[in-house]
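Since the structure comes first, as structure tokens, the remarks are kept for the end.
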Protein chains: 2
Amino acid sequence: MGIVERKEREKEEMRKLILEAAQKLFLETGFEKVSIRNIADAIEYSPATIYLYFKDKNELLYAIHNIGFQKMIEEFHPALSLADPFDRLVEMGRRYFRFAFENPELFDLMFIMNAPMDALACRDDIWDEGRSAFGLLVKCVQDCIDAGVFKYQDAEVAAIMIWSSVHGYTALFLRKRLDMFEESRRKELMEEAFDLFIKTIQKGL
Amino acid sequence: MGIVERKEREKEEMRKLILEAAQKLFLETGFEKVSIRNIADAIEYSPATIYLYFKDKNELLYAIHNIGFQKMIEEFHPALSLADPFDRLVEMGRRYFRFAFENPELFDLMFIMNAPMDALACRDDIWDEGRSAFGLLVKCVQDCIDAGVFKYQDAEVAAIMIWSSVHGYTALFLRKRLDMFEESRRKELMEEAFDLFIKTIQKGL
DNA sequence: TTGTTTACTAAACAGTGTTCATTACATTTG
DNA sequence: CAAATGTAATGAACACTGTTTAGTAAACAA
């Protein structure tokens with residue numbers, strides 16, 4: 001009796017259909033401006049149908065947030081295979097940057113917007129995606145410590161410091177808090193500031 | 001003929017009435033959950049009245065964002081009169097932190113939310129509040145350079161680096177991206193990471 | 001051919017920001 | 001003082017939003 005399996009497959013496909021339409025609309029138009037009705041229109045189903053596959057809008061956004069993490073991890077992969085741990089760290093920083101600039105809406109969803117965290121909170125679950133991505137950073141920092149690149153004792157604390165710094169630029173940039181610098185200079189300034197940070201932690205402590 | 005002046009005064013008072021009710025509601029309930037109708041109810045006027053004093057909701061949020069900056073500048077004042085420029089820098093960082101934790105909604109509005117920047121953008125104005133607050137930081141960094149505390153050449157680039165770092169913690173924290181650490185350890189970790197950053201830039205380069 | 005499960009939807013609910021014609025009153029003019 | 005003008009405030013609507021529910025039609029099982 002393959003019926004139940006076919007149904008499951010169809011259910012999965014429907015989820016995917018919704019998710020892909022939603023993602024497309026979101027990345028085109030921005031998350032703030034897309035409604036459940038828009039998504040329903042795009043896939044030619046009624047709005048109520050979406051609620052048969054996702055508890056609410058937050059849960060839908062959380063699912064897309066997950067896709068974002070998959071994509072990010074993929075793009076981090078080449079960096080992770082660099083031999084020198086410090087090179088690896090710098091490259092991870094650059095790729096965090098690049099991911100944010102090339103996928104501003106996805107990045108916003110993953111690291112700034114409230115919706116996905118609200119979804120997690122209301123079924124009090126933990127942010128596994130964030131945890132394991134952060135784990136990659138901690139591991140890299142630990143490798144740097146072990147290799148004697150810098151002399152921090154606590155890899156986790158150092159990782160938070162580094163993440164915060166790199167996240168700071170991107171968050172300020174994406175939420176238009178660096179628009180006071182003229183557009184041409186903006187990205188250049190950020191690059192310089194990032195390089196300065198790298199040089200500083202390399203020689204520091 | 002003092003009539004026109006009285007009218008102006010009344011207009012100003014009405015603006016203030018709206019602004020104060022709005023601020024109270026926003027800080028109590030969070031910006032996402034307060035509607036124009038809620039504000040109108042609180043001051044016992046019709047919703048349409050608010051639009052006689054503010055172009056739209058973004059403009060209202062921008063006005064509150066301004067109040068936030070006044071408050072922040074006030075709270076920065078004691079730090080600015082410290083003799084040693086590096087002490088000044090560290091104290092500014094700590095106060096940025098503290099302001100964010102004690103006024104999470106206001107901070108969010110000032111440095112994370114889109115609304116006030118959208119208000120600025122659609123009357124293509126520049127973010128003066130941010131500019132001048134950032135100016136304070138640049139000045140302090142320049143003083144540090146002049147005093148030989150660190151050897152950066154470009155105070156502005158160094159200031160962006162420092163701002164980004166401090167902003168990074170707070171933004172990640174406020175938007176619940178540090179909730180993967182248990183609550184008791186969270187703030188402690190941030191303090192440690194901040195101290196580590198301070199030590200690093202002090203000795204770096 | 002029944003009975004039951006499933007997938008879907010139309011319609012409604014309760015809210016949102018915003019606009020506009022109309023009212024009610026303060027001010028100025030004849 | 002009465003009539004004309006200006007203006008502050010609003011009721012009601014518009015076009016949305018996320019979400020729920022009762023009901024339908026098709027697919028499946030007996």
Side-chain angles (χ1 to χ4, degrees), chain A residues 1-19 21-22 25-26 29-64 109 113-119 121-123, chain B residues 1-19 21-22 25-26 29-64 109 113-119 121-123:
Chain A
M1 204 192 290
I3 272 182
V4 58
E5 280 135 15
R6 194 206 66 207
K7 289 233 166 167
E8 237 162 67
R9 221 168 44 233
E10 281 174 355
K11 190 137 192 150
E12 202 57 43
E13 265 164 42
M14 187 65 174
R15 247 187 86 96
K16 216 172 153 187
L17 181 70
I18 296 171
L19 231 39
L25 279 176
F26 282 142
T29 330
F31 288 97
E32 319 264 72
K33 283 168 196 159
V34 177
S35 69
I36 297 286
R37 278 174 179 83
N38 295 154
I39 300 167
D41 283 353
I43 57 173
E44 297 178 294
Y45 278 83
S46 97
T49 301
I50 290 172
Y51 287 87
L52 300 175
Y53 297 87
F54 296 93
K55 196 185 132 272
D56 56 23
K57 203 187 181 185
N58 285 346
E59 212 69 48
L60 178 56
L61 286 170
Y62 175 74
I64 297 177
L109 186 63
M113 281 180 64
N114 287 316
M117 295 299 123
D118 289 349
C122 86
R123 51 176 158 97
Chain B
M1 204 194 288
I3 272 181
V4 58
E5 280 135 17
R6 195 208 64 207
K7 289 234 165 166
E8 238 161 67
R9 221 167 46 233
E10 281 174 354
K11 190 138 191 149
E12 201 59 42
E13 267 165 41
M14 187 64 175
R15 249 187 85 97
K16 217 172 154 186
L17 181 71
I18 295 171
L19 230 40
L25 280 176
F26 282 141
T29 328
F31 288 97
E32 319 262 75
K33 283 167 196 158
V34 177
S35 69
I36 297 287
R37 279 173 177 82
N38 295 154
I39 301 166
D41 282 353
I43 58 173
E44 296 178 294
Y45 278 83
S46 98
T49 302
I50 290 172
Y51 287 87
L52 301 174
Y53 297 88
F54 296 93
K55 194 184 134 275
D56 56 23
K57 204 188 181 186
N58 285 347
E59 211 69 49
L60 178 56
L61 286 170
Y62 175 75
I64 296 177
L109 187 63
M113 282 179 64
N114 286 316
M117 294 300 121
D118 289 348
C122 86
R123 52 177 158 95

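Source: prediction; values computed, not measured. Lettering of chains follows the sequences in order, A, B, ..., and the numbering in each one begins at 1.
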Sequence neighbours excluded - salt bridge (charged side-chain N to carboxylate O under 4.0 Å, His left out) pairs with any residue from residues 33-50 of chain B: none
Salt bridge (charged side-chain N to carboxylate O under 4.0 Å, His left out) partners of residues 51-62 of chain B, not counting sequence neighbours, each pair once: Glu59(B)-Arg123(B)
Pair pattern of DNA chain C in dot-bracket, where unpaired bases get dots and | marks partners in another strand, Watson-Crick or G-U under 3.5 angstrom: |.||||||||||||||||||||||||||.|
Could you go through nucleotides 12-14 of chain D and list every protein N or O atom that sits under 3.5 Å from one of its N or O atoms, giving the distance for each pair?
unit_1: dA13(D); atom_1: N6; unit_2: Arg37(B); atom_2: NH2; d: 3.4

Strand contacts (DNA chain C) in residues 9-19 of chain A, 4.0 angstrom heavy-atom criterion: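 Nothing qualifies; none.
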Nucleic acid contacts - residues 49-64 of chain B versus DNA chain D, non-hydrogen atoms under 4.0 Å: Thr49(B), Leu52(B), Tyr53(B)
Measure [atom1]/[X] against [atom2]/[N] and give the value in whole Å, please.
X	N	atom1	atom2	value
Asn114(B)	dG17(C)	CG	C1'	17 Å
Phe31(B)	dG17(C)	CZ	P	14 Å
Glu32(B)	dG17(C)	CD	P	12 Å

Anything under 3.5 Å between a protein N or O and an N or O of nucleotides 22-26 of chain C, put it in a table, one pair a line.
none

Under the side-chain hydrogen bond (donor to acceptor under 3.5 Å, both in side chains) test, residues paired with Ser35(A) that sit two or more places apart: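 With neighbours one apart ignored, the set is Asn38(A).
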Residue list, side-chain hydrogen bond (donor to acceptor under 3.5 Å, both in side chains) with Tyr51(B), at least two apart or on another chain: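 If we apply the side-chain hydrogen bond (donor to acceptor under 3.5 Å, both in side chains) test to Tyr51(B), skipping adjacent residues, there are no hits.
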Nucleotide of dA10(C), dA9(D), dT16(C) approaching Asn38(B) most closely (side-chain heavy atoms):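 For Asn38(B), the side-chain atoms sit closest to dT16(C).
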Residues that Phe26(A) engages under ring-ring contact (aromatic ring centres under 6.0 Å, His included), provided they are two or more places apart: Phe31(A)
Extract all donor-acceptor atom pairs below 3.5 Å that involve side chains of residues 9-19 of chain A and protein atoms in other chains or at least two apart in sequence.
unit_1: Glu10(A); atom_1: OE2; unit_2: Arg6(A); atom_2: NE; d: 3.3
unit_1: Arg15(A); atom_1: NH1; unit_2: Tyr53(A); atom_2: O; d: 3.4

Phosphate contact (dT17(D) OP1 or OP2) by Ser35(A) side-chain N/O below 4.0 Å: yes
